[in-house]
Every structure is written in structure tokens, then in C-alpha cells.
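Because the structure is predicted, anything quoted here is derived from the model rather than measured.
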Amino acid sequence: HLVGVVGEEFLGRVDRVLRLVPRLRQLLPLLGLTFTLGAVRLCCFVVLITLGSECSYAASPQCFVLQPPGQVLPGVKKIAILDFKDRYGSALDEHYAASASFSHHLTQALFDKARGITDVKTALFFKKEGRTYLSGARTDIYTLIGREELDHIVKEQKLGASGLVDETQAASIGKLLGADAILVGDIMLSARGVQSTGSDYDPYEKRTVSVSCFTRTAIATVNMKVISVTTGAILCTKTAQTTAEDKKCGSDLPKVETALSLVDRCLVSAADELASAIAPRFVENKNNLRAIDAKAYKEMGKKAREDAEDGKLDEAYAGYAAIIKDDPYNDAVIFNMGVLNEVVGNYQDAQECYQKAVGIRPNGDYSKALDRCRKMNEYSPSLVESGVSIDKHTFDGPDAEMASATERARLRGDDSERIPLYASADQGSPVVVKVPGGVELEVVERSGDWLRVKTFDGKVAFLRKEDVR
């Protein structure tokens with residue numbers, strides 16, 4: 001697959017680049033390399049194999065999808081973040097205001113409308129701006145109490161000499177602020193430095209020499225509790241432990257990152273992790289569209305995949321739907337239609353597609369996608385309650401019917417066999433279609449030794465009971 005899909009396309013691009021940059025012929029001899037197009041192509045292919053996943057093509061379509069939070073907080077819309085208690089470790093400036101810094105980072109994380117969307121790799125050394133196809137999706141689902149208002153209440157009530165309050169006071173402060181929940185917790189920080197010996201190339205002596213190295217590491221452990229203002233009950237607990245490290249050797253020793261800078265990096269990561277415990281987050285789509293193996297539809301499948309990679313999702317979906325009309329039991333096509341539905345936020349349609357694909361051919365990737373969509377569908381009502389409504393996307397072009405079923409029957413055998421479905425409850429009647437063994441079909445009605453079933457393309461036919469597992 002890597003050779004056929006990635007290698008051919010990548011090496012073709014290498015050829016074009018080399019022909020456009022003839023000066024590279026002058027550079028290669030300076031590096032001790034002999035220029036031949038075949039040699040360069042071979043080297044590029046070896047790099048592809050060696051780097052593996054780093055050089056493999058990105059998931060298609062390349063975009064970000066929404067991930068539900070670790071814990072849903074029903075009825076919570078307005079929250080206040082109290083300063084987390086500092087519990088200092090070693091090698092840190094005691095005057096460093098970790099609690100205030102973390103509160104700021106957590107506030108920023110919860111305020112971010114597109115938290116998680118970053119630049120994405122498009123090739124070995126290239127990136128592009130990340131994007132999402134989810135219209136109406138966002139990650140800032142809470143109203144946050146302002147810092148000034150919070151400090152005013154804490155000072156007015158004379159709670160906590162240092163501006164910090166304990167958990168028993170959190171609910172009363174929340175009521176005064178009109179919040180639904182209060183976030184409290186503590187922070188444990190530590191940093192250490194380790195000296196070592198490394199090696200470096202000395203361009204003056206033209207040899208490898210021994211040099212001194214220094215590695216500084218910071219660790220942050222942040223414990224968070226979400227407390228209901230109404231009941232005082234703990235709605236959610238979460239611990240985030242993050243690490244940041246920097247190493248410098250030789251002449252770069254003075255440039256080693258400071259402990260406080262590393263700690264701040266840890267706190268930023270911890271804030272993002274804890275925000276994900278109670279709020280949704282965008283994550284990069286990891287679903288690759290499946291290759292279409294059937295020769296009759298290989299080119300159509302390739303074109304649909306290319307459209308998806310170019311962001312032409314409607315065209316891609318129409319291409320797959322056209323295949324489904326002729327080949328309604330193609331599990332790869334149905335899975336791909338599920339992927340496209342998922343990336344645009346049609347989670348119910350995506351779940352039905354994945355269910356169909358699993359019914360035709362049990363597969364680990366299919367099952368994972370199905371479980372993920374089920375979780376998103378379970379979370380959707382809470383998302384709407386938070387004021388976030390993902391717009392339904394209507395694909396242009398023909399659509400394959402993906403109806404869910406209450407009762408299903410799995411055919412005997414495997415996908416190498418074909419089980420006939422008849423026009424009536426009689427083996428002498430015409431065969432409507434032949435279905436791969438192992439497929440699940442919706443049962444419309446049971447009658448004696450026959451089952452009236454519905455196929456994936458909406459046809460109703462009759463199946464012998466003896467052909468059911």
C-alpha cells in the first residue's frame with residue numbers, strides 16, 4: 001500500500017522538483033553524492049520506508065473533529081475558577097505565583113473557541129493551517145466569572161488571607177457570584193537539573209569532541225475538583241501531570257531554558273488537559289478513507305478520495321454514493337461515507353454507516369469509529385444545552401439510504417459466499433439480489449420458514465431461515 005499509493009506519488013513529485021531545480025546537480029557533489037535521477041529516487045524511497053508513519057500520507061480528509069469532554073456537567077453553564085493552592089517542590093523560586101499563572105492558563109483554555117485546532121503536517125517538512133468542517137461547533141461552552149469580580153468577593157468576605165480559599169468555602173463564594181460550579185484544586189511543582197557529558201563535532205579540529213551538557217526538567221501535578229454550588233457535591237475530579245525538558249551542550253549551555261519557563265510550559269499543558277475533562281476539544285481526524293479494492297470501482301474510489309483530500313466533500317460523497325447504488329454491500333465505501341458524515345457533524349448518519357460496515361465485515365477500525373460516534377451522539381444533547389448547535393450538513397448529489405434497524409439477522413457463511421434473496425416466500429420466485437455471507441440485514445417481518453428483510457439499498461426481499469446463523 002505504501003509503495004503503491006505514497007511511493008509513486010511522492011517520487012513523481014521528486015522528479016518534477018529535481019527537473020525544476022537544476023542547481024541541485026551542483027550541490028550534491030559538494031555533499032559527496034553522485035547525481036543520478038535513479039539514485040535520488042531510490043534514496044527518497046528508502047527515506048519513506050525508514051520514517052514510516054512520519055512520511056505516510058495524512059488522514060483524509062485532513063481536518064479536526066470534535067471530541068466530547070471526559071465528564072459532562074449537566075446544568076452547569078457558569079463557572080468560577082479559584083486560585084489553586086501552591087505546593088512547591090524543589091529548585092523553584094518561592095515567589096513564583098503558580099496559582100495565578102495556572103488560573104490564567106485554564107481561563108484561556110476554557111475561553112478558546114477552537115481549542116485543539118493547530119497547524120497540520122502536509123508533507124515531511126511542510127505544514128498548513130488546521131481547519132474543521134463542523135459548522136457551528138466551538139469549545140467555549142461555559143460563561144466564566146471575571147477575575148476582578150471574583151477577587152472582590154473573596155476580599156469582601158475576608159476568605160483566605162492570601163486570596164486562596166479552601167473547598168468548604170467554595171460553594172458559598174459560588175452562590176455570591178451566581179455561578180453553577182466552582183473549580184478548585186492544588187498544584188505541586190518541581191524542577192531538577194542534571195549534568196552529563198556528550199559529544200559534538202568540532203568544525204575547527206574536524207573531529208568529534210567531548211562536551212559538557214545540562215538537562216533541566218520540570219514537572220507539574222495539578223489536581224482539580226469541580227464543586228456544585230447548589231449541593232456542594234463534587235461533580236468531577238481530574239489530575240494532570242505534565243513534564244517539560246530542555247537540554248543544551250557545549251557553547252549552548254547558557255541557553256538552557258529556565259526552571260520557571262519550563263514550569264509555565266507544564267502549566268499550559270495541564271490547563272489544556274483539565275479543560276478537556278469538562279469541555280469539548282477539537283482533535284485531528286485520524287480516519288483514513290479506505291481504498292476501494294473492487295476493480296470496477298477502483299477509479300471512482302480514487303477520484304472520491306482525491307476530492308476528499310482537496311476538501312471537496314460533497315463531490316467525494318457523491319462519488320461514493322454512486323458506487324453504493326451498484327454495490328450496496330461494499331463495506332469500505334459505506335465506512336468512507338461514515339467518515340465524511342462524521343467530519344461534517346452528521347453523527348447519527350455516521351453511526352448508521354459505521355453500523356452497516358461492521359455488519360458486513362467486522363473490523364477493528366469500523367468498531368472504533370462506531371463507538372466514537374455513539375459517544376458523540378450521547379453527548380450531543382448536552383452540547384445543545386450548552387448553546388452549541390452543530391449545523392446539519394446536506395450533501396449534494398445522490399444519497400444512499402442508511403436506515404437503522406430494530407431487529408437484524410446475520411446471514412450464514414462469510415463474504416466469499418453469496419446468499420440469494422427472493423422476490424417472494426418461494427424458492428421458485430426470481431432472485432432479487434445475492435448478498436455476501438456474514439452480512440446483517442433488517443428484519444421487516446417473520447413468516448414461517450421465511451424472513452422478510454430490507455437490503456442496504458432499500459429493496460425488500462425474502463430470506464430463508466436456514467440461511468440465517
Can you tell me how far the [atom1] atom of [X] sits from the [atom2] atom of [Y], to the nearest 0.5 Å?
X: Leu463; Y: Leu411; atom1: CG; atom2: CG; answer: 5.5 Å
X: Leu235; Y: Gln71; atom1: CG; atom2: CD; answer: 8.0 Å
X: His393; Y: Leu340; atom1: NE2; atom2: CG; answer: 9.0 Å
X: Met224; Y: Leu106; atom1: CE; atom2: CG; answer: 7.0 Å
X: Thr139; Y: Ile117; atom1: OG1; atom2: CD1; answer: 8.0 Å
X: Ser101; Y: Ile187; atom1: OG; atom2: CD1; answer: 8.0 Å

(request) Mind jotting down which residue pairs meet the salt bridge (Lys or Arg N to Asp or Glu O under 4.0 Å) criterion with at least one end in residues 376-392? Sequence neighbours excluded, please. (result) Asp349-Lys392
(message) salt bridge (Lys or Arg N to Asp or Glu O under 4.0 Å), that's the test. Do Asp180 and Lys77 meet it? Break it down for me.
(response) CA-CA 6 Å; Asp180 299 313; Lys77 296 182 178 180; over 6 Å; no
So, the side chain of [X] versus the backbone of [Y]: is there a donor-acceptor pair under 3.5 Å, distance only?
X: Asn363; Y: Asp365; answer: yes
X: Tyr142; Y: Ile278; answer: yes
X: Arg138; Y: Asp140; answer: yes

Answer yes when [X] and [Y] have at least one side-chain N-carboxylate O distance shorter than 4.0 Å, and no when they do not.
X: Asp371; Y: Lys375; value: no
X: Arg216; Y: Asp246; value: no
X: Lys303; Y: Glu299; value: no

(request) With sequence neighbours excluded, tell me which residues meet salt bridge (Lys or Arg N to Asp or Glu O under 4.0 Å) with Arg452. (result) none
(message) We want to know whether Tyr366 and Asp331 form a side-chain donor-acceptor pair, criterion being a heavy-atom distance below 3.5 angstrom.
(response) yes
(message) My understanding is that only one of Asp264, Leu110, Asp272, Val222 makes a side chain to side chain contact (heavy atoms under 4.5 Å, CB included) with His105; could you say which?
(response) Asp264
(message) Does Glu309 form a salt bridge (Lys or Arg N to Asp or Glu O under 4.0 Å) with Arg305? I'd like the steps, not just the answer.
(response) CA-CA 6 Å; Glu309 290 174 344; Arg305 182 192 180 100; 3.2 Å; yes
(message) Parallel, tilted or perpendicular: which one describes the rings of Phe102 and Phe84, with boundaries at 30° and 60°?
(response) tilted
(request) Would you check if the distance from the ring center of Phe395 to the ring center of Tyr317 is below 6.0 Å? (result) yes
